[in-house]
Amino acid sequence: MEKAALMTAVKTSISDVLETMFFLPIEFSEVEAPDDPVDSLEKKSLLAARISFSGPLAGNFTFFIPLKLARSLTGSFLGEEEGLINESEITGTVQEILNMITGKAFSLLDDRSIFDLGIPMMINAEEALFERPEESALLFSLLVHTVDEVSLLKMTLLS
Amino acid sequence: MAFNVLIVDDSLPMRSVIRKIIEISGFQVNQFFEASNGEEALVILNAQWLDLVITDYNMPRMNGLELIEAMKKEELLQSIPVVVITTEGSRQKAEEFLNKGAVGYIQKPFTPEEIKQKLNHLLGEGKDGKGGPDDRGENLDF
């Protein structure tokens with residue numbers, strides 16, 4: 001599997017999800033050293049969700065998103081004022097965003113194969129940001145820029 | 001005529017969004033029911049009269065496909081139309097949903113218009129005035 005093909009599928013998927021369902025314009029930049037923590041992220045207010053997958057590719061995607069942006073997206077998604085949104089609605093929305101990004105990316109990458117997706121789970125963002133995958137794993141990272149926030153998708157592929 | 005609709009998804013926000021889309025699309029819904037997995041859905045299905053089930057595929061405990069299979073085994077449930085809304089995008093998976101008895105398949109991410117158009121066929125709000133629960137056995141082109 002080529003990195004370029006995966007990156008293209010993931011970028012298209014993120015654009016589709018965030019622009020179709022959240023009306024959020026975005027830009028991307030790839031991380032040069034994906035196993036290093038990313039300086040541009042505001043680490044103290046990050047939420048993180050992870051989804052595992054198996055099939056032609058196995059591994060996991062971890063999505064890091066600033067709480068402020070997650071709250072705003074949840075309000076947009078549910079059509080509710082941000083002040084009325086509770087924590088479970090925010091985490092549910094973040095999990096659903098990751099679920100949609102992952103499913104859509106794999107259908108773009110290869111719609112003839114079946115990828116089994118796990119259930120998205122919230123995890124500790126700081127620990128996940130600094131954790132190192134096993135040596136044989138491939139790690140790609142993609143920064144997602146919105147007007148004044150930066151999110152991160154870490155993609156770990158197991159060999 | 002108003003319908004009873006069951007929305008099955010382990011994501012609370014997604015259930016809310018689907019429900020709101022149906023509401024703002026002008027469908028006459030008598031009552032919404034919600035479940036977070038197939039097991040919970042079966043409990044509701046055995047206690048209430050439902051006209052339509054909208055289900056996610058990937059859920060803990062009992063997924064959408066297992067829910068359809070369970071419904072097909074029950075005489076009172078097997079004719080209720082089921083629409084699958086899921087992130088699963090493979091052609092094989094889509095065919096599997098339809099082969100198991102789903103009448104429709106919508107891939108996430110979706111627009112409100114996609115949901116509206118596809119439910120028009122089932123809930124009888126189509127432009128041609130046809131459709132509705134009596135058409136539930138029709139194999140729709142989703």
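From a predicted model like this one, the values you see are computed outputs, not experimental measurements. Here is the naming used below: chain letters follow the sequence lines, and residue numbers restart at 1 for every chain.
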Residue that, paired with B:I54, satisfies side-chain contact (heavy atoms from CB on, under 4.5 Å) out of B:I22, B:I115, B:V84: B:I22

Any pair counted as salt bridge (Lys or Arg N to Asp or Glu O under 4.0 Å), so long as it reaches residues 18-31 of chain B, sequence neighbours left out: A:E80-B:K20, B:R19-B:E23, B:R19-B:E34

Neighbours of chain B found in residues 111-120 of chain A - heavy atoms under 4.5 Å: A:D111, A:R112, A:S113, A:I114, A:F115, A:L117, A:G118, A:I119

Within residues 65-84 of chain B or reaching into it, pairs that qualify as ring pair (Phe, Tyr, Trp, His ring centres under 6.0 Å) - sequence neighbours excluded: none

Residue list, side chain to side chain contact (heavy atoms under 4.5 Å, CB included) with A:A70, at least two apart or on another chain: A:L47, A:I65, A:I90, A:V94

Leading residue by heavy atom contact count with chain B [cutoff under 4.5 Å; candidates A:D16, A:T20, A:L78, A:V17]: A:L78

Contact class of A:F77 relative to chain B, heavy atoms under 4.5 angstrom: both

Exercise: identify the closest heavy-atom pair between B:I44 and B:A35: CD1-CB, 4.1 Å

Salt bridge present between B:K93 and B:E96 (N-O < 4.0 angstrom): yes

Check: B:N30/B:N4 side-chain N/O donor and acceptor closer than 3.5 Å: yes

